[in-house]
**Student:** 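Take a look at this one; I'll ask things after.
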Amino acid sequence: MRIAMIGTGYVGLVSGASFADFGHEVTCVDQDATKIAALGRGQIPIFEPGLAELVARTTGSGRLKFATAIAPAVADVEIVFIAVGTPSRRGDGHADLSYVEAAAREIARAVRRFTVIATKSTVPVGTGDNIEKIVRDTAPNAECAVVSNPEFLREGAAIEDFRKPHRVVIGADDGRARDVMAAAYAPLKLPAASLLFVSRRTAELVKYAANAFLATKVGFINEIADLCGVVGADVEEVARGIGLDPRIGAKFLQPGPGYGGSCLPKDAVALRKTAEAAGVNLSIVSAAVDSNAARKRALAGKVEAAAGGSLKGKRVAVLGLSFKANTDDMRESPALVLVPALVAAGAAVRAHDPAAMAAAKSLLPDIDYTADPYAAAEGADALVILTEWDAYRELDLARLRQLMKEPLVVDFRNLFPPRAMAERGFRYVSLGRPAA
Ligand code: NAD
């Protein structure tokens, strides 16, 4: 099957390369010529475990190609996936659909056969109708069916998620398009129960409902952690105690500095906007959004309080900048709120991240970056753990203790047992666990 993928970011590149690995012929298109040139040289523009090997294998086999122009890539394919960004629109929080709409116009002008246009980008309910109208207005004779195929992959585990998805959701109101989509995913040999054929509007909403639910779950355990911290309970045990109930489930019950990334924050806000426009009050989603924003704003105050009330003139090491481990994605990372607040409070910040420092440098220009975590800790009055990288779990704590000026560790990821940290001479502040 021939496939074009419009947008070669986290979703487009992983999906495109994976489809090529299934045996399809795929062209990944991006308007960013620098990105496409780098991919042409075999360089991977993002950090994603296993992606370099996957791209090398599929380009090597000739099944994966890259291009900057949409028209030749879509002219004679069965499916064109739209995987461009849908960021928050500045000012109002609605999803910015301008990239999706621009891509739809170009696709409509270029298709020459019956083509399924499948939206992988996360788009508000009703966007498929709008794409259909754009196609009709742009090219009245084009034979296209517009389908919603939301993507659920997680950065850091994206290839595994794409190959072994919990479900593939296909929102198609057209029988022919359903068959084409089923054929695209056939190599996955999914059990029938994991392949969900629903209406286009339902598929669009499944994605937002999933992300809003996850945002709520994270916000819930974060607030329970706050309560644990005050009443002397242990949030890790509370999480285990509730997570063993299959109605609740153990995943996404890890307290932290507030969710970030390219999806949860913008999608929860966009869903709230959709509901407002529909005259429906999603008060739970709304509370999760506000709670998460407040949590990020409170991070610096927690460090300040742990450091005795002032950070003026103090040196703070920050370990981890990406919004979660195993990605270099800085979008909506808690670091973008915490680090400027630490600087504003008078701290000199030295930061380290195993993958995100290149991306962070332009976003957080007023700090120093170090090649390893120990250099960040040298002479520090406090060390903050912000991202749950495995490399930090494996830190040589005795060496860290020796390098720091004051033995204060504020751990927003609960990477270490409080007792072990106390025994090593640290003053250890973590989330919702009794101090040792
Ligand atoms: P991204 O910013 O990494 O990539 C988007 C790419 O699209 C960019 O490279 C951009 O240059 C390109 N682009 C924009 N307009 C274009 C056009 N007209 N023609 C060609 N290329 C164009 O974004 P992403 O993280 O891959 O997300 C894409 C979509 O998938 C978003 O809607 C997002 O919400 C959704 N999504 C993301 C994830 C994730 O983990 N990143 C997971 C599931 C769904």
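We count ligands from 1, going down the list as the structure has it; atoms in each ligand are counted the same way. This structure is a prediction, so every number in the text was calculated from the model and none was measured. Position 1 is the first residue of the sequence, and the numbers go up from there.
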**Student:** Give the atoms of ligand 1, by number and element, whose distance to some non-hydrogen atom of E151 is under 4.0 Å.
**Tutor:** 43 (C), 44 (C)
**Student:** Classify the contact between A83 and ligand 1 as side chain, backbone, both or neither, using a heavy-atom distance cut-off of under 4.0 Å.
**Tutor:**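 It is the backbone that touches ligand 1; the side chain stays farther off.
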**Student:** Can you pull out the closest protein heavy atom to atom 5 (C) of ligand 1? Residue, atom name and distance to 0.1 Å, please.
**Tutor:** G85 N, 3.6 Å
**Student:** Using the rule side-chain contact (heavy atoms from CB on, under 4.5 Å), only one of R413, K296, K302, E388 pairs with P257; which is it?
**Tutor:**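 Of the listed options, the one satisfying the test is R413.
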**Student:** For atom 7 (O) of ligand 1, what's the nearest protein heavy atom and its distance?
**Tutor:**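 Residue, atom and distance for the closest contact: G7 CA, 3.4 Å.
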**Student:** One thing to verify: whether D137 and R105 come together as a salt bridge, which I'm taking to mean a side-chain N less than 4.0 angstrom from a carboxylate O.
**Tutor:**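 The answer is no: the pair does not qualify as a salt bridge.
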**Student:** Would you call R331 a ligand 1 contact, heavy-atom distance under 4.0 Å?
**Tutor:** yes
**Student:** Among protein heavy atoms, which lies nearest atom 4 (O) of ligand 1, and at what distance?
**Tutor:**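 Going by distance alone, atom 4 (O) of ligand 1 is nearest to G9 CA, 3.2 Å.
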**Student:** Would you call E48-R154 a salt bridge at under 4.0 Å N-O?
**Tutor:** no
**Student:** If you have a sec, work out which protein heavy atom is nearest atom 41 (N) of ligand 1 and how many Å separate them, to one decimal?
**Tutor:** E155 OE2, 2.7 Å
**Student:** Write out the residue and atom name of the closest protein heavy atom to atom 19 (N) of ligand 1, then the distance separating them to 0.1 Å.
**Tutor:**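 The closest heavy atom on the protein side is I6 CG2, 3.7 Å.
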**Student:** Taking atom 9 (O) of ligand 1 as the point of reference, which of L97, V84, D30 owns the nearest heavy atom?
**Tutor:**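 Among L97, V84, D30, the closest heavy atom to atom 9 (O) of ligand 1 comes from D30.
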**Student:** Could you tell me the separation between the CD atom of E155 and the OG atom of S322, rounded to the nearest 0.5 Å?
**Tutor:**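 Atom-to-atom, E155:CD and S322:OG are 9.5 Å apart.
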**Student:** Salt bridge or not for R200 and E132, using N-O below 4.0 Å?
**Tutor:** yes
**Student:** Taking A356's backbone N and O only, do any of them form a donor-acceptor pair with D328's side chain (distance below 3.5 Å, no angle check)?
**Tutor:**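 A pair under 3.5 Å: no.
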**Student:** Salt bridge or not between D129 and R201? Use side-chain N to carboxylate O under 4.0 Å.
**Tutor:** yes
**Student:** Can the positive tip of R331 be found less than 6.0 Å from the middle of the six-membered ring of F323, inside 45° of the ring normal?
**Tutor:**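 The answer is no; the distance or angle limit is not met.
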**Student:** Looking only at protein heavy atoms, which one is nearest to atom 32 (O) of ligand 1, and what is the separation?
**Tutor:**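 Sorting protein heavy atoms by distance from atom 32 (O) of ligand 1 puts T86 OG1, 2.5 Å first.
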**Student:** Under the ring-ring contact (aromatic ring centres under 6.0 Å, His included) criterion, do Y392 and H352 qualify, and how do the steps go?
**Tutor:** CA-CA 10 Å; Y392 299 151; H352 170 267; 5.7 Å; yes
**Student:** Could you tell me whether K207 approaches ligand 1 through its side chain, its backbone, both or neither, with non-hydrogen atoms closer than 4.0 Å?
**Tutor:**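 K207 to ligand 1: side-chain contact only, backbone stays beyond 4.0 Å.
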**Student:** May I ask you to list the atoms of ligand 1 that are less than 4.0 angstrom from any heavy atom of Y99?
**Tutor:** 14 (C), 15 (N)
**Student:** Salt-bridge test for R393 and D390: reply yes if a basic N is under 4.0 Å from a carboxylate O, no otherwise.
**Tutor:** yes
**Student:** Based purely on interatomic distance, does K35 place a nitrogen or oxygen under 3.5 Å from a nitrogen or oxygen of ligand 1?
**Tutor:**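 Yes, since at least one N or O of K35 sits under 3.5 Å from an N or O of ligand 1.
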**Student:** What about T122: any of its N or O atoms under 3.5 Å from an N or O on ligand 1?
**Tutor:** yes
**Student:** Between E78 and R2, is there a salt bridge with N-O shorter than 4.0 Å?
**Tutor:** yes
**Student:** Do any nitrogen or oxygen atoms of K120 come within less than 3.5 Å of a nitrogen or oxygen of ligand 1?
**Tutor:**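 Looking only at distances, the answer is no, because the N/O contact criterion of under 3.5 Å is not met.
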**Student:** If the contact criterion is a heavy-atom separation under 4.0 Å, does R154 count as touching ligand 1?
**Tutor:**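 In this structure, R154 fails to qualify as a contact of ligand 1 - no heavy atom is under 4.0 Å.
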**Student:** List ligand 1 atoms under 4.0 Å from S121, heavy atoms only on the residue side.
**Tutor:**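 Answer, ordered by atom number: 29 (C), 30 (O), 32 (O).
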**Student:** Tell me the nearest of M5, K266, Q31 to atom 15 (N) of ligand 1, using heavy-atom distances.
**Tutor:** Q31
**Student:** How far is atom 30 (O) of ligand 1 from its nearest protein heavy atom, and which residue and atom name does that atom have?
**Tutor:**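 Answer for atom 30 (O) of ligand 1: V11 CG2, 3.5 Å.
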**Student:** So, are R57 and E53 salt-bridged, with charged N and O less than 4.0 Å apart?
**Tutor:** no
